[in-house]
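Computed from a predicted structure; not experimentally measured. All ligand and atom numbering here is 1-based and tracks the order in the structure.
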Amino acid sequence: MYKIVFTDPIYPDRAKKIFKKQGILFFPKNKKQLLKETKEADALITLLSYSLDKTRINEMPHLHVVGNYAVGLNNIDLSFCKKRKIKVIHTPKVLTRATAELALTLLMSLARRVPEGIELCKKGEFTGWKPDLLLGKELKGKTAVLFGKGRIGKETAKLFKAVGLKIEWIDRSSSVSEIKTTLKKADVLSIHTPLTPETKHWLNASKFNLLKKEVMIINTARGPLIDEKALISFLKNNPYAGAGLDVYEFEPAIPKELSKLKNTVLLPHIGSATHETREAMADCLFEGVLKALQGKSPWNQWKG
Ligand code: DGY
């Protein structure tokens, strides 16, 4: 029997079904219990908001497997896991479509000022049709630059193409001059790359200087990919630009300065939040953790 500790109650019924008689599952109620239970744990199943650093890993001498209920692994000290031969399982593929759909949702909401329209109606301030009421931007024929040509980037590109956007790519292998030339063309800039020490603050003040004054920035990946201070100052100085964000640099904190701006559409990190996707994430994660505990190499094991 494997001892499997959950940092949070992630689909307990689905977990019980998958681990059946092979695992004893623990759902600690507080930090003290969690610390106690993880001392003997064979596997830890956790969320992207739980920072699994060296110190925490060292508190779990029996740990063989970590299951992260996310595709992004920036909350985990991966090189230390590798050193300790701890297998890391995550949830790629199953959340690709949901995240791409949310990127398109953010873009269309921003382009057509949907949150402002909703607010006006809900406050009872819609007083009649006007030629200049909430004029937005059309997407057809404009250029979307996507940073990150992985699964989510490619799926987002398909959806962006469907609304008439022309697609240009930047990835981590693009040269400085390619990045500069491409960024200058962006009517839309959408970010789809993992957060690593190398990509932190990828979109910084010097890149903002290259962007058009009316660019629409979309981020469904990780907040720290953008220097949030530089973003706020760019949006303040360029009211025809805008940002559609699902993630934040110091999540869950959202700076007041950002939420007060009219040219932002803000969502609470719900890229993968559909019933279908969250269930599929749970199933593939639990199945992967079980296989890894049994000495197999599941398809969703991080191979860094
Ligand atoms: C992830 O999986 O990394 C998302 O941010 C949450 O689904």
Side-chain angles (χ1 to χ4, degrees), residues 6-11 14-15 44-53 65-78 81 87-107 146-157 159 171-172 190-203 217-226 228 231 243-254 265-289 292 298-304:
F6 287 69
T7 59
D8 293 83
I10 309 165
Y11 285 94
R14 297 182 99 86
L44 180 77
I45 297 191
T46 191
L47 299 182
L48 58 87
S49 48
Y50 183 84
S51 163
L52 191 57
D53 56 18
V65 181
V66 171
N68 204 38
Y69 188 60
V71 64
L73 292 170
N74 53 293
N75 56 314
I76 298 174
D77 186 335
L78 292 169
C81 284
K87 294 179 180 176
V88 179
I89 315 300
H90 63 143
T91 66
K93 294 188 187 171
V94 292
L95 45 63
T96 300
R97 180 68 186 196
T99 310
E101 287 183 7
L102 198 84
L104 181 64
T105 306
L106 281 169
L107 177 58
L146 280 77
F147 174 44
K149 210 172 182 180
R151 279 183 285 261
I152 299 175
K154 285 183 188 154
E155 192 69 18
T156 304
L159 300 180
D171 65 23
R172 276 171 287 169
S190 192
I191 300 183
H192 305 280
T193 200
L195 173 63
T196 63
E198 293 73 41
T199 57
K200 185 173 179 213
H201 282 188
W202 176 81
L203 186 51
I217 297 159
I218 306 298
N219 190 5
T220 51
R222 284 292 182 270
L225 291 163
I226 301 182
E228 215 160 62
L231 171 70
L245 307 173
D246 187 39
V247 287
Y248 306 90
E249 183 164 0
F250 303 103
E251 215 168 291
I254 301 179
V265 176
L266 306 180
L267 292 177
H269 203 153
I270 53 168
S272 63
T274 65
H275 292 288
E276 299 90 329
T277 292
R278 289 285 163 87
E279 287 170 11
M281 284 168 69
D283 289 350
C284 82
L285 188 69
F286 303 152
E287 280 158 11
V289 167
W299 66 269
N300 51 342
Q301 181 176 331
W302 171 71
K303 307 221 170 43

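For the residue pair Arg278 and His269, the shortest heavy atom distance occurs at NH2-O, 4.3 Å. Counting all heavy atoms, side chain and backbone alike, Leu48 lies closest to Asn75 at O-CB, 3.3 Å.
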So what's ligand 1 close to, N/O to N/O, under 3.5 Å?
from: ligand 1; atom 1: 2 (O); to: Val71; atom 2: N; distance (Å): 2.6
from: ligand 1; atom 1: 3 (O); to: Val71; atom 2: N; distance (Å): 3.3
from: ligand 1; atom 1: 3 (O); to: Gly72; atom 2: N; distance (Å): 2.9
from: ligand 1; atom 1: 3 (O); to: Arg222; atom 2: NH1; distance (Å): 3.4
from: ligand 1; atom 1: 3 (O); to: Arg222; atom 2: NH2; distance (Å): 2.7
from: ligand 1; atom 1: 5 (O); to: Arg222; atom 2: NH1; distance (Å): 2.7
from: ligand 1; atom 1: 5 (O); to: His269; atom 2: NE2; distance (Å): 2.7
from: ligand 1; atom 1: 7 (O); to: Ser272; atom 2: OG; distance (Å): 2.5

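Between Trp302 and Ile76 the shortest side-chain heavy-atom distance does not fall below 4.5 Å. Contact annotation: the side chain of Leu231 approaches that of Leu245 to within less than 4.5 Å [non-hydrogen atoms, C-beta and beyond].
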For the pair Ile226 and Glu249, evaluate side chain to side chain contact (heavy atoms under 4.5 Å, CB included) and give the outcome as yes or no after the intermediate values. CA-CA 7 Å; Ile226 301 182; Glu249 183 164 0; over 6 Å; no
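Here the two rings, on Phe6 and Tyr69, have centers that are 6.0 Å apart or farther.
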